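As structure tokens, the structure follows; a few thoughts come after it.
Given the structure is predicted, the values throughout are model-derived calculations rather than measurements.
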Amino acid sequence: MRHAWRSLAVASLLLFIAPMGGPCARADSLLDRFENARPALQRQLRSRSVDARLEALGALCEYPLADAARIVHGCFADESEEVRERAYATLLAINGEQEVCDALVELADKGMHDRNWPRTVPPALAALLSSNLPIARLKTQQFLDTTIAASPRGPQIALAIADALGDRRQRADVVTLARLSRTKVFAENFGVRRAVVGALAQIPTKDAVGTLIGMLDRVGGEAKADASQYLTTVTGQIYGVDAAAWGRWWDQARAAFEYPHHSQNSPGRSTQTESPGGYYYGLPLFAERLVFVLDISGSMQGGRIVAAKRELARAIHGLPDHASFGIVVFNERVGSWKKMLVPADKKMKEAAIEYIEQLNPHSNTASYDALAAALTYDTEAIYFLSDGAPTSGKILAPVDIIAAITAANKVRRITIYTIGIAPGFPGSPTDAFLKTLADENFGQYRRVDG
């Protein structure tokens, strides 16, 4: 479950008393007031009363100091989501001071090794990204591009930031998401790019529209398709995944554009965007990196395998030069054409089609094993074709396969498209399995009867 930090009205504004003694005296006065208030505030934050803890966090808005930031940061481990949300709002109120930002970087660094890191690290980094201090932004960028990008937890942390900011639906967070999109972890992880697109699509403002248009060429094929579907819904314009066309339109329309009154909670795929990479059984080939998974169990013999080979060869032949692809085949065992994705050049396309033509169906259906193998590739999309229920492999029950694959895909956020070849009546076990697998993993399901 995500832990979002909704927009809250901060209990009080920053209060700066300007005594006659000048800046140093002002700083001393603020520090003195904080030290005097600290014991009572810390006792209040240990109260069993949520309202008391919320009140203390509101009072901490008056103290843009490093020690105050450390106290607030500790509240991200609180069991109350409302308290955690107020803690984030408090950090936003005090992140205009360099010492606060320096403390947050230190806390995020230490928090990487703490068991509560999912609660503590993402909000600290989000508060840092939202700061308008140039030095703070530079230090945050460096931290994200070194410590976070190098950590196995890096993508999860960036995803948590994006998801939470999307749930807040606040205009101010557009800038924060745009800054996240300039980090190494964004550039290197498709799941993070897709999460940032999804977050911007939840913020109902023209700022989000312009930001999405500006990043279209940096998000990847599947995420670009998400963004273009959303932009089409919001603007009424139809430019598909043509980033240049969207940019030209926005240059002309920006000044007069008004965000529509209806809300849009996610990019979705409710409208059809033309796929520059062609189609596979009518499903669009948006991805720049994709894996085809083909069922070659015994039930695929005859016309089914002939048609499946033909459609797969046609899809591979139509892939654009900049794409890369792989092929996984399965019956009771799983086979891979290549261990890594290969470029979609003429030589590789011809070799792939030759490989496909030599396949002969036999034996059982290890659906889970094939999907797990496909997830080992550095891919944006998986196209899974099958004609029957799983009959072998490490996991057999369709509901358990869906749960396991969806959990494994939580951070990767790969699109899983599914094709059911004569899967039985609508709603049959095989039909429901393939449809739910796609629905739970950003994809679409295509029935092929006969």
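Listed by chain and number, the residues in a side chain to side chain contact (heavy atoms under 4.5 Å, CB included) with V329 are L294, I296, I327, Y355, L359 (sequence neighbours excluded). Every residue two or more places apart in sequence or in another chain that forms a ring pair (Phe, Tyr, Trp, His ring centres under 6.0 Å) with F325 is listed here: W337. With sequence neighbours left out, D439 forms a salt bridge (Lys or Arg N to Asp or Glu O under 4.0 Å) with K435. Partners of F292 by ring pair (Phe, Tyr, Trp, His ring centres under 6.0 Å), not counting sequence neighbours, listed by chain and number: Y280, Y383. Partners of S80 by side chain to side chain contact (heavy atoms under 4.5 Å, CB included), not counting sequence neighbours, listed by chain and number: V50, R53, D78, E82, V83.
Taking the side chain as every heavy atom from C-beta outward, V234 and V209 approach each other to under 4.5 Å. Between E380 and F286, the closest side-chain pair of non-hydrogen atoms is not below 4.5 Å. Taking the side chain as every heavy atom from C-beta outward, P123 and R84 never approach each other to under 4.5 Å. Within the 4.5 Å cutoff, no side-chain heavy atoms of Q237 are placed close to those of L231. F143 places a side-chain heavy atom less than 4.5 Å from the side chain of I148. Under the 4.5 Å side-chain criterion, counting only non-hydrogen atoms from C-beta, E97 is not in contact with L65. Using a 4.5 Å heavy-atom cutoff, the side chains of W250 and T235 are not in contact. For the pair T233 and P260, the minimum side-chain heavy-atom distance is 4.5 Å or more.
The salt bridge (Lys or Arg N to Asp or Glu O under 4.0 Å) analysis of residues 240-258, with sequence neighbours excluded, yields the pairs D251-R254.
With salt bridges taken as basic N to acidic carboxylate O contacts below 4.0 Å, one links E79 and R119.
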Show, in sequence, the C-alpha distance, side-chain angles and deciding distance for S386 and F433, and conclude whether the side chain to side chain contact (heavy atoms under 4.5 Å, CB included) test is met. CA-CA 11 Å; S386 185; F433 163 56; over 6 Å; no
Audit row: Y63, L41, side chain to side chain contact (heavy atoms under 4.5 Å, CB included) steps and yes/no: CA-CA 12 Å; Y63 304 107; L41 290 171; 4.2 Å; yes
Apply side chain to side chain contact (heavy atoms under 4.5 Å, CB included) to the pair K139 and C101, showing each step before the final yes or no. CA-CA 9 Å; K139 288 185 177 182; C101 293; over 6 Å; no
Under the side chain to side chain contact (heavy atoms under 4.5 Å, CB included) criterion, do W117 and I157 qualify, and how do the steps go? CA-CA 9 Å; W117 70 266; I157 291 169; 3.6 Å; yes
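Of the possible donor and acceptor atoms, none in the side chain of R446 sits under 3.5 Å from a partner among the backbone N and O of L283. At least one donor-acceptor pair under 3.5 Å links the side chain of T430 to the backbone N or O of A389. Formation of a donor-acceptor pair under 3.5 Å by the T365 side chain with backbone atoms of S367 is not found in this model. In this structure, E288 contributes its side chain and G220 its backbone to no donor-acceptor pair below 3.5 Å. The backbone N or O of L341 sits nowhere less than 3.5 Å from a side-chain atom of S324 that would complete a donor-acceptor pair. Judged by distance alone, with hydrogens and angles left aside, the side-chain atoms of D109 form no donor-acceptor pair with the main-chain N or O of V105 at under 3.5 Å. Judged by distance alone, with hydrogens and angles left aside, the side-chain atoms of D431 form no donor-acceptor pair with the main-chain N or O of P423 at under 3.5 Å. Side chain of S228 to backbone of A225: a donor-acceptor contact under 3.5 angstrom is found. For R413 (side chain) and K410 (main-chain N/O), a donor-acceptor pair under 3.5 Å exists by modelled atom type. A donor-acceptor contact shorter than 3.5 Å is absent between the side chain of T90 and the backbone of C61.
When all heavy atoms of D369 and K394 are compared, the pair lying nearest together is OD1-N, 3.0 Å. Closest heavy-atom contact between A162 and A199: O-CB, 3.1 Å. Taking all atoms of both residues into account, the shortest heavy-atom contact from L319 to A344 is CB-CB, 3.9 Å. In terms of heavy-atom proximity, F186 sits nearest to V192 at CA-CG1, 3.9 Å. Among all heavy-atom pairs drawn from R193 and V219, the shortest one is NE-O, 3.1 Å. The shortest non-hydrogen separation linking A372 to I405 is N-CD1, 4.0 Å.
A donor and an acceptor atom, one from each side chain of T415 and E222, are located under 3.5 Å apart. Residues N441 and T406 have side chains that bring a donor and an acceptor to within less than 3.5 angstrom of each other. Residues T120 and D114 have side chains that never bring a donor and an acceptor to within less than 3.5 angstrom of each other.
Atom CD of Q141 sits about 12.0 Å away from atom CG of L128, to the nearest 0.5 Å. Considering CG of L92 and CG of D173, their distance stands at 7.5 Å, rounded to 0.5 Å. Of the inter-residue distances, the one linking L60 atom CG with Q42 atom CD reads 9.0 Å to the nearest 0.5 angstrom. The distance from the CG atom of L200 to the CG atom of L177 is 4.5 Å, given to the nearest 0.5 Å. Taking OG from S131 and CD from Q98, the interatomic distance works out to 7.0 Å, rounded to the nearest 0.5 Å. Here the CD1 atom belonging to I382 is positioned 5.0 Å from the CD1 atom belonging to I416, to the nearest 0.5 angstrom.
Within a 6.0 Å sphere centred on NZ of K206, other residues, nucleotides and ligands contribute more than 12 heavy atoms. Other residues, nucleotides and ligands place no more than 12 heavy atoms under 6.0 Å from the CZ atom of R171.
Within the 6.0 Å centre-distance limit, the rings of F330 and F384 are counted as a close aromatic pair.
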